[in-house]
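One structure is given here, and the rest of the page talks about it.
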Amino acid sequence: MEELLRGLGIGELILKTEDKKKALDIFADSIKDCKKCRLHTGRKQVVFGTGNPYARVMFVGEAPGMEEDIKGYPFVGKAGRLLTDILKELGKDRERDVYIANVIKCRPPNNRDPMPDEIKACVPYLDFQVKIISPKVILCVGRFSMYYILNRFDQPKISEVRGKMHISRYGIPAFATYHPAAALRNPSLTDLIREDIKRVFEFAEGS
Ligand code: SF4
């Protein structure tokens, strides 16, 4: 990814800038017409990320859904509103206290699971976002984020990995929680997601 951006003369610009917001804006602009995988055919737009580039906490979800595809921001559909509400209950603001991105930047048709080749094509973008933001801790939101970020090719259940700190593929501490879409189907998971998010912020704040 960095090699590709360097070839375009963009990577140097991004890596040299100390303004993370500006770096992310340049980066987002450079991939807005990406056609590296089949998902470009059905998307309305690339959903890059949102929030505070200087936040200590980064959430990484799976892929945009219908509302995210229309609005251009991650986690703004029904599941995203639940996530936003949980953050508010904890006294956190999604634009101020966290940066949010997805593993996959374009909406899979009918919100199907992303395919391995689509993930492979898109993750260099996430890797570079993480490099720019360099958060203190990452929260993997949902299975596909957890598989990739924690290098869990054995594909465990979220219940097997949540509740404890892991070292991510980036060398940055990471936790995992259920996707809020799962909590819409099974409301008892909402309390567990809240618990996990609280734990992540406590870790980030050093308590
Ligand atoms: S999902 Fe990622 S790799 Fe595929 S077209 Fe969209 S931005 Fe490009």
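The figures that follow rest on heavy atoms only: side chains count, while hydrogens, waters and symmetry mates do not. Each residue takes its place number in the sequence, starting with 1. We count ligands from 1, going down the list as the structure has it; atoms in each ligand are counted the same way.
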Problem - Backbone or side-chain N/O/S of Cys106 under 2.8 Å of atom 6 (Fe) of ligand 1 - result: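 Yes, since at least one N, O or S atom of Cys106 sits under 2.8 Å from atom 6 (Fe) of ligand 1.
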Exercise for the section: Evaluate side-chain hydrogen bond (donor to acceptor under 3.5 Å, both in side chains) for Asn52 paired with Arg96, printing each intermediate quantity in order. Expected result: CA-CA 5 Å; Asn52 180 357; Arg96 181 193 62 205; over 6 Å; no
Exercise for the section: Show your reasoning for whether ring-ring contact (aromatic ring centres under 6.0 Å, His included) applies to Phe27 and Phe48. Expected result: CA-CA 9 Å; Phe27 184 32; Phe48 184 76; 5.4 Å; yes
Problem - Geometric cation-pi criterion, Lys36 with Tyr125: 6.0 Å, 45° - result: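 Yes, Lys36 lies over the aromatic ring of Tyr125.
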Handout entry: Whether Cys122 has an N, O or S atom under 2.8 Å from atom 2 (Fe) of ligand 1
Key = yes
Fill in the blank from the handout: For Gln129 and Ala101, the nearest pair of non-hydrogen atoms, with its separation, is OE1-CB, 3.7 Å
Out of all atoms in ligand 1, which are within 4.0 Å of some heavy atom of [X]? Include the element for each.
| X | result |
| --- | --- |
| His40 | 5 (S) |
| Lys36 | 3 (S), 5 (S), 8 (Fe) |
| Cys34 | 3 (S), 5 (S), 7 (S), 8 (Fe) |

Problem - Aromatic ring proximity, centroids under 6.0 angstrom, Phe203 and Phe175 - result: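 Between Phe175 and Phe203, the centre distance is under 6.0 Å.
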Practice task
State whether the side chain of Lys136 and the backbone N or O of Ala204 hold a donor-acceptor pair below 3.5 Å, judged by distance alone.
Solution key: yes
Handout entry: Distance from atom 4 (Fe) of ligand 1 to nearest protein heavy atom, with residue and atom
Key =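 In this structure, atom 4 (Fe) of ligand 1 has Cys37 SG, 2.4 Å as its nearest protein heavy atom.
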Practice task
Classify the contact between Arg43 and ligand 1 as side chain, backbone, both or neither, using a heavy-atom distance cut-off of under 4.0 Å.
Solution key: side chain
